[in-house]
Amino acid sequence: MTGELAAAGAPIRPGSPGRTVAPAERGALRIADRVVSKIAAQAAREALDVLPPDAGPPHASVVVHHDVARVRIGLELDYPSDIGAQCAAVRRQVTQRVRMLAGMEVPEVAVQVQRLHSAQARGAAEGRTQ
């Protein structure tokens with residue numbers, strides 16, 4: 001009888017040979033906030049077509065609570081550009097990648113544009129000679 005239960009995947013008394021462990025008793029997985037933060041920052045990079053040449057890479061901070069991640073992304077963008085569309089693309093990509101890679105829900109992605117890089121100012125600076 002014990003062998004039949006084990007073959008069917010039913011839990012058996014602890015200490016029995018061939019014991020099958022119920023999923024709830026197997027343990028837990030915890031993904032560190034800094035890991036989720038790295039996933040989010042990389043996803044933000046993926047969402048942006050091109051970063052300005054002198055821009056720093058996007059960075060993220062994350063708060064995780066019970067498989068729910070709240071994300072803040074800081075980034076620098078080119079100007080002029082469609083800032084709203086770029087921020088929306090970052091939100092979508094971050095939500096999708098964190099859900100896919102970390103298995104967490106992402107109800108909030110706050111995008112903070114920390115600096116705009118003007119292509120016109122960059123061109124003027126390149127044209128100057130000393």
Side-chain angles (χ1 to χ4, degrees):
M1 181 80 163
T2 303
E4 292 174 27
L5 288 175
I12 300 176
R13 286 190 337 252
S16 302
R19 177 177 180 245
T20 302
V21 180
E25 297 176 15
R26 290 184 189 152
L29 172 66
R30 181 175 181 321
I31 299 173
D33 292 8
R34 69 181 180 176
V35 173
V36 180
S37 177
K38 287 182 180 184
I39 292 170
Q42 177 61 37
R45 259 183 244 118
E46 293 168 1
L48 299 171
D49 293 330
V50 179
L51 288 175
D54 53 343
H59 62 277
S61 60
V62 176
V63 175
V64 177
H65 185 68
H66 297 295
D67 293 334
V68 175
R70 300 197 185 282
V71 181
R72 294 187 75 83
I73 300 283
L75 47 86
E76 300 177 17
L77 299 174
D78 254 338
Y79 182 81
S81 65
D82 188 347
I83 295 169
Q86 290 182 64
C87 291
V90 167
R91 281 189 207 94
R92 277 191 305 275
Q93 183 73 1
V94 167
T95 300
Q96 178 186 22
R97 298 294 280 173
V98 170
R99 185 178 296 138
M100 184 175 66
L101 295 174
M104 296 181 181
E105 288 303 312
V106 185
E108 176 184 341
V109 177
V111 179
Q112 180 179 14
V113 178
Q114 297 176 325
R115 184 175 172 199
L116 294 174
H117 295 264
S118 172
Q120 185 179 22
R122 219 177 11 254
E126 290 172 1
R128 285 191 233 159
T129 58
Q130 291 186 352

TODO: Name all residues meeting the salt bridge (Lys or Arg N to Asp or Glu O under 4.0 Å) criterion together with R34; count only those two or more places apart in sequence or in a different chain, and write none if there are none.
DONE: none
Open item on the list: Distance check, rounded to the nearest 0.5 Å: Q114 atom CD versus L77 atom CG?
Closed with: 10.0 Å
Task: Sequence-distant partners of R45, side-chain hydrogen bond (donor to acceptor under 3.5 Å, both in side chains), two or more places apart - done: Q42
Open item on the list: With rounding to the nearest 0.5 angstrom, report the CZ to CD distance, R72 to Q112.
Closed with: 6.0 Å
TODO: List the steps and the verdict of side-chain contact (heavy atoms from CB on, under 4.5 Å) for R115 and D54.
DONE: CA-CA 11 Å; R115 184 175 172 199; D54 53 343; 4.2 Å; yes
Open item on the list: I want to check something: taking the side chain as every heavy atom from C-beta on, are L116 and I83 in contact at a cut-off of under 4.5 Å?
Closed with: yes
- [ ] Spell out, yes or no, whether L29 and I39 are grouped together once hydrophobic residues are joined by side-chain heavy atoms under 4.5 Å, including indirect joins.
- [x] yes
Task: Exercise: identify the closest heavy-atom pair between A47 and V90 - done: CB-CA, 3.7 Å
Open item on the list: Minimum heavy-atom separation for Q93 and A43, please, with both atom names.
Closed with: CG-O, 3.1 Å
Open item on the list: Run the salt bridge (Lys or Arg N to Asp or Glu O under 4.0 Å) test against R70 and tell me which residues pass, sequence neighbours left out.
Closed with: E108
Task: Qualifying residues under side-chain hydrogen bond (donor to acceptor under 3.5 Å, both in side chains), relative to R97, sequence neighbours excluded - done: E46
TODO: Nearest 0.5 Å please: distance from the CD atom of Q96 over to the CZ atom of R92.
DONE: 10.0 Å
Open item on the list: Quick check on the hydrophobic clustering: are V63 and V71 connected, directly or via other members, by side-chain heavy-atom contacts under 4.5 Å?
Closed with: no
Task: With sequence neighbours excluded, residues passing side chain to side chain contact (heavy atoms under 4.5 Å, CB included) with D33 - done: R30, V64
Task: Cluster link V68 to V35, ILVMFWY, side chain under 4.5 Å - done: no
Task: Interatomic distance, L75 atom CG to C87 atom SG [nearest 0.5 angstrom] - done: 6.0 Å
Task: Those residues that, when tested against S81, pass side-chain hydrogen bond (donor to acceptor under 3.5 Å, both in side chains) (two or more places apart) - done: Q86
- [ ] Indicate the atoms forming the closest heavy-atom contact of P58 with I73, along with that distance.
- [x] CB-CG2, 4.5 Å
TODO: Please answer whether the main-chain N or O of V106 pairs with a side-chain N or O of R99 as donor and acceptor at a distance below 3.5 Å.
DONE: no
Open item on the list: Please find the pair of heavy atoms, one from R91 and one from V111, that lie closest to each other, and give the distance.
Closed with: CG-CG2, 3.9 Å
TODO: Measure the NE2-CE distance between H65 and M104 for me, rounded to the nearest 0.5 Å.
DONE: 12.0 Å
